[in-house]
Each structure stands twice: as structure tokens, then as C-alpha cells.
Amino acid sequence: METKKYRQLHMMAAFLAMEPIEALMSIARELGGGSVTKEVQIFIHEQCINKKICRNYPPSQLYVKNFLKKFIVEAESQLIEVLEVLYEQYTQYLTYCKDSDLCQNAGKCYRTILFMFPSSNHFPLAWHENQQIGEPVTMTVTLRSSLNMLEGGTGCCIWPSSLFLSEFLLSHPELFSNKCCFEVILTDGDLSSLSNMKFNLETNQVAIMGKLKQKDYQDPTSTTQVECRYLTWELASAEELQNCGAEVILGADVIYDPSSVPHLVRVLAALLGTKKGSLGSNDGTSVPEEFITCNENRSMFGSIELEKPDKNHKDNKDPNNAYPVAYIANAIRNIDTFNCFLRVASEAGLSVIDITEKQRSMNLLPYLSSFDRTSIQLYRISSLDSMRDM
């Protein structure tokens with residue numbers, strides 16, 4: 001019975017996350033003992049397509065249409081009677097998708113990610129208090145993302161490294177609790193990415209600084225405050241970065257553009273407090289010629305404070321980790337680009353250590369067959385000055 005409950009949860013989660021349709025069909029077959037039974041059809045209708053979260057934050061209509069088509073064809077091929085309501089839903093989505101814009105994957109849709117914890121003992125936050133006893137402990141995050149990679153920039157897409165980093169954060173809350181965290185984001189400079197980030201934070205009821213004064217947004221019990229800020233890596237001053245007071249810096253898939261490497265390293269060096277200085281600062285320090293390209297407004301930051309520090313304590317820092325530290329999850333697509341990053345980071349006085357194996361995370365996304373963790377590495381970056389003082 002417990003296995004069936006987990007399979008049902010995986011089916012719903014895979015649907016909301018818009019997993020590849022063949023992966024979804026595979027789970028449906030497992031749930032029906034090898035075929036898409038009437039019971040499976042009822043579950044898909046009630047707990048996937050007609051679920052409240054799906055109605056409020058719908059996946060791509062084209063995706064749902066294609067899934068229903070595949071599902072109905074398989075049921076008919078097995079001579080299994082298809083629920084009338086599924087035919088009706090398919091016809092409805094077929095009508096929606098006659099719109100040429102939808103058929104060309106234009107616009108945005110919602111992907112809902114369910115992080116699944118082995119038990120409440122592993123759950124790092126208090127969001128499981130209303131969970132019924134015996135049920136899997138889950139945390140739901142709904143994200144509006146772009147269906148078209150060219151629309152809204154890279155910041156409107158969900159990248160595998162961001163999922164990897166999320167699992168790391170949720171698996172090791174002791175590294176981030178009561179810390180001011182600063183996320184470094186690489187986009188094409190499109191302001192729609194920042195707007196989409198704010199929208200996603202509001203959708204998940206995260207308090208954004210600047211909106212806290214609004215009456216309808218006040219939450220005196222909230223311990224989380226987030227600030228979204230647009231700053232270009234090329235132009236942000238060292239003083240501006242250091243004034244952020246970041247204790248933990250986060251980044252996912254930010255090492256892939258060679259022209260951005262010196263600017264990324266300069267930002268990290270400023271945030272991590274190296275004494276050596278850094279390359280490519282806006283005070284006239286030169287950038288190596290091989291990295292010079294026309295890429296103004298290439299980058300953006302989001303400054304995130306995961307939890308308010310306790311103001312009753314003068315020093316909230318772990319005495320063994322008094323220096324800021326950065327965690328970067330990255331898929332190495334080009335080894336030359338990554339080696340370039342290592343070289344420039346070393347010249348800027350930064351230590352880069354691969355902790356992928358040493359600091360393993362829980363598998364919180366077991367239903368995401370499209371999520372290949374093996375292609376992603378996790379790096380701990382710190383100032384060499386901090387290592388000498390330890």
C-alpha cells in the first residue's frame with residue numbers, strides 16, 4: 001500500500017513538473033501494474049489534471065494535450081475503456097492548442113517541483129506541521145518559466161544545476177541557517193528575468209523586502225526576507241558588494257561564458273573578502289584581452305537572506321566559519337572555460353574545491369528521470385586568506 005502511495009505521488013509530481021511524456025507514461029504503467037487501468041485514469045483526472053494547484057498554476061496546455069493523446073492511444077491499443085471525462089478533457093485541450101501561439105510554445109507556463117523527504121526528521125523547515133501522519137513529507141515550489149528559451153532569457157528557465165543546488169541546501173540546512181545568503185545569477189541582462197524571479201518568490205509566499213510595508217503583505221511571523229536587486233557584474237563596485245554582508249554566496253550554472261569569467265571572479269573575490277584584489281574591476285583594472293567582448297548588461301544578482309539573524313546575539317557566525325564561503329553547482333560543458341575560471345580564480349586569491357562526493361545531498365527529486373545529477377559538480381569557493389587564518 002505504501003509503495004502504491006509513493007507511485008501515485010511520483011505520478012502527480014512528474015506531471016506537475018512537466019517531465020518528458022514517455023517518463024510520465026512509464027510511471028502510469030507501473031501504477032496500473034503494467035497497463036493504464038481505470039483506477040489510473042481516475043487518479044490522473046482527479047489528482048493531476050483537475051488538481052487545484054494544476055488549475056491555479058497550469059503546466060503548458062500543449063504538454064497536457066500531448067500527454068492525454070499518448071495516454072488515450074495506449075489505453076485504446078490495450079482495449080481498455082477510456083473514461084469519458086478524459087476524452088472531454090483531450091477535446092478541450094485540442095481546442096486550446098489550435099491557437100498558433102500555443103502550438104509554437106510561446107509564452108510561459110508553470111512547473112511545480114515537489115521535494116520529497118524520507119521523513120519529517122530530515123525536513124529542515126517547519127512547513128510539514130500540517131502533514132498527515134504516515135504521508136510522505138513534501139515541500140512544494142511553483143515556478144513560472146519560459147516555454148521558449150529565447151523569450152525571457154536564461155533566467156526564466158529551470159536548469160539542472162539549480163535543482164542540484166536546491167537539494168544541497170535542503171540536505172544541509174546547518175550550513176545556511178541564520179545566515180545572510182547572496183545568490184549570483186547569470187542572465188542576458190533582460191529585466192524580465194528579475195521580474196519573473198520576484199513573481200516566483202511571491203507565488204511561493206516569500207516576503208520580498210520593499211513589499212513588507214504593504215498591509216496585505218505583512219507577515220509578522222516570517223523569518224525569511226528576500227531582496228531582489230539588479231546589478232551588473234561588470235559595473236558593481238567592490239564596496240557595494242562588500243556592503244551586502246553576505247555570509248554564503250550561491251550560484252548555479254554561472255561558469256559557461258568565457259567572457260563573463262573575469263567579472264564573475266571579481267564579484268566572488270569582493271564578496272569573499274580577498275586581500276589580493278581581483279581582475280576586471282570597474283576602477284580601471286584591466287581584463288585580459290582574450291576575454292574582452294561586447295557584453296554589457298550581461299549579468300544580474302539576487303540578494304537572498306534565508307533567515308533573519310537573531311539580533312539578541314552580537315555574533316551569529318560560526319567561529320569555525322567566520323569567513324564568507326561560496327557554493328557553486330555547475331555542469332562543465334567546456335573544459336577550457338572551466339580551466340580558465342580556475343586560473344583566474346587562483347590569480348584573484350580564491351580557493352576552489354570540488355566537494356561533490358564529500359558533501360552529498362539526499363535524493364529529494366526521485367521522480368525526475370530527466371534530472372541527470374552525474375553531469376553536475378559542486379564547488380566550495382573561499383578566500384585563500386581565510387584558509388591561512390584557520
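- Cys54 and Cys48 get closest at one heavy-atom pair: CB-O, 3.3 Å.
- Taking CD1 from Ile249 and CD1 from Ile328, the interatomic distance works out to 8.5 Å, rounded to the nearest 0.5 Å.
- Proximity of a side-chain donor or acceptor of Thr112 to a complementary backbone N or O of Thr142 within less than 3.5 Å is not detected.
- Residues satisfying the side-chain hydrogen bond (donor to acceptor under 3.5 Å, both in side chains) test with Thr91, not counting sequence neighbours, are none.
- Aromatic ring pairs are classed by plane angle as parallel below 30°, tilted from 30° to 60° and perpendicular above 60°; the pair Phe199 and Tyr110 is tilted.
- For the pair Tyr93/Asn66, no side-chain contact is recorded, criterion being any heavy-atom separation below 4.5 Å from C-beta on.
- Shortest non-hydrogen contact noted between Leu264 and Val254 is CD2-O, 3.6 Å.
- When every heavy atom of Leu165 is checked against every heavy atom of Gly251, the shortest pair comes out as CD2-O, 3.6 Å.
- No side-chain heavy atom of Tyr57 sits less than 4.5 Å from a side-chain heavy atom of Leu16.
- Put simply, the side chain of His45 does not reach to within 4.5 Å of the side chain of Ile42, judged on heavy atoms.
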Go through the steps to decide whether Lys65 and Gln61 satisfy the test side-chain contact (heavy atoms from CB on, under 4.5 Å), and finish with yes or no. CA-CA 6 Å; Lys65 185 212 76 166; Gln61 292 175 333; over 6 Å; no
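- Remark: side-chain polar atoms of Arg144 are not paired, donor with acceptor, to backbone N or O of Asn200 under 3.5 angstrom.
- To the nearest 0.5 Å, atoms CG (Leu169) and CG (Leu175) are separated by 8.5 Å.
- Nearest heavy atom pair, residue Val82 against residue Ala75, reads CG2-CB, 3.7 Å.
- Remark: side-chain polar atoms of Arg266 are paired, donor with acceptor, to backbone N or O of Ala236 under 3.5 angstrom.
- Judged by distance alone, with hydrogens and angles left aside, the side-chain atoms of Ser346 form no donor-acceptor pair with the main-chain N or O of Leu342 at under 3.5 Å.
- The closest side-chain heavy-atom distance from Met116 to His10 is below 4.5 Å.
- Between Phe67 and Phe71, the angle of the ring planes lies from 30° to 60°, which puts this pair in the tilted group.
- Between Lys198 and Glu202 no salt bridge is recorded (no basic side-chain N to carboxylate O distance below 4.0 Å).
- Atom NZ of residue Lys70 and atom CE of residue Met25 lie 6.5 Å apart, to the nearest 0.5 angstrom.
- Outside the 6.0 Å centre-distance limit, the rings of Tyr87 and Tyr90 are not counted as a close aromatic pair.
- Side-chain atoms of Asn334 never come within 3.5 Å of backbone atoms of Tyr256 as a donor-acceptor pair (strictly under, hydrogens ignored).
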With side-chain contact (heavy atoms from CB on, under 4.5 Å) as the criterion, how do Tyr327 and Ile355 come out once you've worked through the C-alpha distance, each side chain's angles and the decisive distance to 0.1 Å? CA-CA 9 Å; Tyr327 296 100; Ile355 61 169; 3.9 Å; yes
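- Aromatic ring centroids of Tyr379 and Phe341 lie 6.0 Å or more apart.
- Closest approach of Lys4 and Leu31 over heavy atoms only: O-CD1, 4.0 Å.
- Between the side chain of Glu247 and the backbone N or O of Cys180, at least one donor-acceptor pair lies under 3.5 Å.
- The two residues Leu170 and Met362 come nearest to each other via the heavy atoms O-CE, 4.3 Å.
- Taken from CE in Met11 to CD1 in Ile44, the straight-line distance is 4.0 Å, to the nearest 0.5 Å.
- For Ser195, there are no side-chain contact (heavy atoms from CB on, under 4.5 Å) partners two or more places apart in sequence or in a different chain.
- Between Glu240 and Arg229 there is no salt bridge, since no side-chain nitrogen of the basic residue lies less than 4.0 Å from a carboxylate oxygen of the acidic one.
- One finds the CG atom of Asn330 at 9.5 Å from the CD atom of Gln377 (value rounded to the nearest 0.5 Å).
- A salt bridge (Lys or Arg N to Asp or Glu O under 4.0 Å) check over residues 79-89, counting only residues at least two apart or in different chains, returns nothing.
- Taking the six-membered ring where tryptophan is involved, the planes of Phe168 and His172 are tilted, since the angle between them lies from 30° to 60°.
- A search for salt bridge (charged side-chain N to carboxylate O under 4.0 Å, His left out) contacts involving Arg29 returns Glu22, Glu74, not counting sequence neighbours.
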May I have the step-by-step check of side-chain contact (heavy atoms from CB on, under 4.5 Å) for Phe164 and Asp253, ending in yes or no? CA-CA 10 Å; Phe164 190 96; Asp253 260 337; over 6 Å; no
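- Not a single donor-acceptor pair under 3.5 Å links the side chain of Ser351 to the backbone N or O of Ser382.
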So Gln41 and Ile80, side-chain contact (heavy atoms from CB on, under 4.5 Å) or not? Walk me through it. CA-CA 10 Å; Gln41 294 178 43; Ile80 297 173; 3.7 Å; yes
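- Under a 3.5 Å cut-off, the side chain of Asp354 and the backbone N or O of Thr356 do form a donor-acceptor pair.
- Considering only residues two or more places apart in sequence or on other chains, Glu46 meets the salt bridge (charged side-chain N to carboxylate O under 4.0 Å, His left out) condition with none of them.
- How far CZ of Arg360 is from OG of Ser171: 11.5 Å, rounded to the nearest 0.5 Å.
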For residues 364-376, dump all side-chain donor-acceptor pairs below 3.5 Å to protein atoms at least two apart in sequence or in another chain.
{"unit_1": "Tyr367", "atom_1": "OH", "unit_2": "Leu114", "atom_2": "N", "d": "2.8"}
{"unit_1": "Tyr367", "atom_1": "OH", "unit_2": "Leu114", "atom_2": "O", "d": "2.9"}
{"unit_1": "Ser369", "atom_1": "OG", "unit_2": "Glu19", "atom_2": "OE2", "d": "3.2"}
{"unit_1": "Ser370", "atom_1": "OG", "unit_2": "Glu19", "atom_2": "OE1", "d": "2.4"}
{"unit_1": "Ser370", "atom_1": "OG", "unit_2": "Glu19", "atom_2": "OE2", "d": "3.4"}
{"unit_1": "Asp372", "atom_1": "OD1", "unit_2": "Thr374", "atom_2": "N", "d": "3.1"}
{"unit_1": "Asp372", "atom_1": "OD1", "unit_2": "Thr374", "atom_2": "OG1", "d": "2.5"}
{"unit_1": "Asp372", "atom_1": "OD2", "unit_2": "Thr374", "atom_2": "OG1", "d": "3.3"}
{"unit_1": "Arg373", "atom_1": "NE", "unit_2": "Glu167", "atom_2": "OE1", "d": "3.0"}
{"unit_1": "Arg373", "atom_1": "NH2", "unit_2": "Glu167", "atom_2": "OE2", "d": "2.9"}
{"unit_1": "Arg373", "atom_1": "NH2", "unit_2": "Asn363", "atom_2": "OD1", "d": "2.5"}
{"unit_1": "Ser375", "atom_1": "OG", "unit_2": "Asp372", "atom_2": "O", "d": "3.0"}

